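As C-alpha cells, the structure follows; a few thoughts come after it.
These figures come from a predicted structure and were not determined experimentally.
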Amino acid sequence: MKRKISVFICLTLLLNLLCACSSKEESTQTSKKKKKTKSQTNITETIESTEDIDTSDSEKPTTTTVETTEEPTTSVQQISIEPADTKKINWVEVKDPYGYTSVTVPDTWKVEFIMTDLIGYGLIAQDETCPDRIFIFQLLASPFVKSKESHDFWAKNAGGNYMGSSNAFVDHPYLTTPTTEGFFAECGGAYMNLNDFAMITKLEENNPLFGDVIEGTCKSPNGNYVTGVFGGSVWNTMDYWMSGIDCGWYSVSNLLVMAAPEEDYTNWIPVMTQMFNSINFSEQFMQDRNREWAQIIGTSQYLGKMADQMGDMIMDTWNKSSETHDILSQMRSDSTLGRERVVDNETGEIYYAPNGFSDEYYGTRYSALPENDPRYRNPVAGTLSID
C-alpha cells in the first residue's frame, strides 16, 4: 500500500514538473512572440513615417546647377577721352580798324592786319597757346628785285627811302628764282621770319590763284620746325634796265602760309582752312583798293566773290596730294612723342593713345591704326587712356 502511495506521489510530482515546463515554454514563446510583434510594429511605423517623403527623385542621379551673378574674370575697361584742341574751339570774329575786312578765328588766336596800303593788304594770325601755329595771307607782296646787283643798285641810288617811304627795294630780300619754292627758300626768312624752308612736295602746279601750292617745312619765328602749306603766285612785275642790270622786280600775289608743328599739323590744316574761308572783303575795301591800283580790279573782285571758296581750294589740293610723306612724318612724330594712334571701330574717329595702349586694351572697340594707313592724315578727335 505504501508502495502505491509512493508511486502516486512520484507521478504527481512528475506531472507537476511537466506542467511547469510547459507553462514556462509557453511563457517564453509568448514573450518571443510579443517581442517579434513589437519589432514588426516599429518597422511598420518607420515605413509609414517615410511614406510622406517624395522619394521619386531620390532614385535618380542628381545634377546640381549653380547660378552665379559674378562678373567675368575679364572686367570692362574704363576708357577716358581727352578731346583734341580742335574739338573745343570757340570762334570769334575779328575786324580790322577800318572795317575793310573781317576774319573768324579761334579765340586763342591773335590777329594782326597788314595795312601799310590796300595793295599789300594782309593778315597774320598766331595761336597764343602755341605760337608755332601760324596763318599768313597777303594779297600782294612786292617788290623783290631780281639779283644782288639790282639790290645794290637800289641801295646806292635810292638810299634809305623811295618815293617818300621806306625803300622796300632795299628792305626786301632779292629773288633770283621766280617760283613759289624759290620765293620761300630765298625770301621767307628775311620777309616773314620763316627760315630754312624745304619743299616736301608740290601739291599742285600753276594754281590760278596761288601759283604752285607746296607742302614744306621751315623754322617758325620761335626757331622750331613746322610743317605747312605754302602758296604764292610769283610774277615779273616789270623789267627796268640800268647800266646793263635788270633793276626790275617780281611780285607775289596771294601769299599764303598755313603751318603748325608736325605732331598736330593734320589737325590744324582744316581749322586754318576754315579761317581762310571766313575772310570777308567789304565793298568799301574793293572801291578804295581799286582806286589805289586799278590794274588789279579783276583780281580784287574775283577775291571778293571767291572768299568763301579759296580755303576749300587749298584744302582740296592738300587732300589730293601724295600721302606717303605725311604718313611717315606723322608716324615718326608719334614715335618721338611716345604715343600711338587708334581707331574707334564704331565711329571711325582717330585718337592718340599712350604707347602700349593697344597691348593693354583687350576690348574690341578700339584698335591700333596699321602702319602706312592713309588715316594718319585724318584729324585726331582726342587722346585715349585707360583709367
Side-chain angles (χ1 to χ4, degrees), residues 96 100-101 112-124 134-197 199 206-214 216 218 221 230-257 281 285-286 288-303:
D96 70 58
Y100 281 137
T101 59
E112 295 181 4
F113 293 93
I114 304 170
M115 296 292 294
T116 18
D117 56 53
L118 296 183
I119 305 302
Y121 161 83
L123 65 86
I124 300 172
I134 305 165
F135 175 88
I136 300 173
F137 177 60
Q138 188 173 8
L139 285 176
L140 185 76
S142 185
F144 301 95
V145 297
K146 302 176 181 179
S147 65
K148 185 180 184 304
E149 292 76 16
S150 176
H151 188 269
D152 292 342
F153 170 85
W154 284 101
K156 180 180 179 180
N157 293 283
N161 77 75
Y162 175 70
M163 297 179 65
S165 62
S166 62
N167 189 352
F169 291 90
V170 177
D171 293 342
H172 290 180
Y174 57 86
L175 175 61
T176 62
T177 308
T179 64
T180 306
E181 179 185 5
F183 170 77
F184 284 102
E186 296 179 24
C187 305
Y191 187 69
M192 295 179 291
N193 200 16
L194 300 176
N195 294 285
D196 297 345
F197 176 82
M199 183 176 73
N206 301 317
N207 182 283
L209 284 177
F210 303 100
D212 294 337
V213 181
I214 293 172
C218 66
F230 303 82
S233 181
V234 181
W235 50 285
N236 184 16
T237 308
M238 70 175 296
D239 296 327
Y240 178 53
W241 291 91
M242 293 293 295
S243 304
I245 301 171
D246 184 358
C247 296
W249 60 89
Y250 298 114
S251 298
V252 183
S253 298
N254 304 323
L255 180 61
L256 173 68
V257 176
F281 302 94
F285 173 83
M286 299 297 182
D288 292 352
R289 191 169 190 265
N290 290 342
R291 281 197 296 268
E292 289 193 21
W293 195 3
Q295 288 181 336
I296 64 170
I297 183 173
T299 302
S300 178
Q301 290 177 343
Y302 182 68
L303 287 174

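Not counting sequence neighbours, Y250 has no partner by the ring pair (Phe, Tyr, Trp, His ring centres under 6.0 Å) test. Partners of D117 by salt bridge (Lys or Arg N to Asp or Glu O under 4.0 Å), not counting sequence neighbours: none found. Applying the salt bridge (Lys or Arg N to Asp or Glu O under 4.0 Å) test to E149 and every residue at least two apart in sequence or in another chain returns nothing. For Q138, the side-chain contact (heavy atoms from CB on, under 4.5 Å) test picks out I114, A141, Y191, L255, with sequence neighbours left out. Annotation: side-chain hydrogen bond (donor to acceptor under 3.5 Å, both in side chains) contacts of T179 (sequence neighbours excluded): none. Annotation: side-chain contact (heavy atoms from CB on, under 4.5 Å) contacts of N206 (sequence neighbours excluded): D212. With sequence neighbours left out, the side-chain hydrogen bond (donor to acceptor under 3.5 Å, both in side chains) criterion links E181 to no other residue. With sequence neighbours left out, Y174 forms a ring pair (Phe, Tyr, Trp, His ring centres under 6.0 Å) with H151. Contacts of D96 classified as salt bridge (Lys or Arg N to Asp or Glu O under 4.0 Å), with partners at least two apart in sequence or in another chain: none.
The salt bridge (Lys or Arg N to Asp or Glu O under 4.0 Å) contacts involving residues 245-256 comprise K146-D246, where partners must be two or more places apart or lie in separate chains.
In this structure the side chain of V257 never reaches within 4.5 angstrom of the side chain of F137, judged on heavy atoms. Proximity of L123 to E112: side-chain heavy atoms (C-beta onward) are nowhere separated by under 4.5 Å. With a 4.5 Å cut-off on side-chain heavy atoms, V145 and W154 count as touching.
To the nearest 0.5 Å, atom CD1 of residue I136 and atom CE of residue M192 are 5.5 Å apart. Taken from OG in S150 to CE in M242, the straight-line distance is 11.0 Å, to the nearest 0.5 Å. With values rounded to the nearest 0.5 angstrom, W249 atom CH2 is found 10.0 Å from W235 atom CH2. Put simply, CG on L118 and CE on M115 are 5.5 Å apart, with the number rounded to the nearest 0.5 Å. Here CE of M238 is found 10.0 Å from SG of C247. Values are rounded to the nearest 0.5 Å. Separating the CG atom in N254 from the CG atom in L256 is a distance of 8.5 Å, to the nearest 0.5 Å.
The aromatic ring centres of F230 and F210 sit 6.0 Å or more apart. Here the two rings, on Y121 and F285, have centers that are under 6.0 Å apart.
The shortest non-hydrogen separation linking S253 to L140 is OG-CD1, 3.6 Å. Nearest heavy atoms, L194 versus P221: CD2-CD, 3.8 Å. For the residue pair S251 and T237, the shortest heavy atom distance occurs at OG-OG1, 2.5 Å. Residues I245 and S147 come closest through the heavy atom pair CG2-OG, 4.4 Å. Heavy atoms only, all atoms of each residue included: P173 and F144 are closest at O-CD2, 3.4 Å. F197 and A185 get closest at one heavy-atom pair: CD2-N, 3.9 Å.
With respect to K156 and D152, no salt bridge is recorded, no charged nitrogen being found less than 4.0 Å from a carboxylate O.
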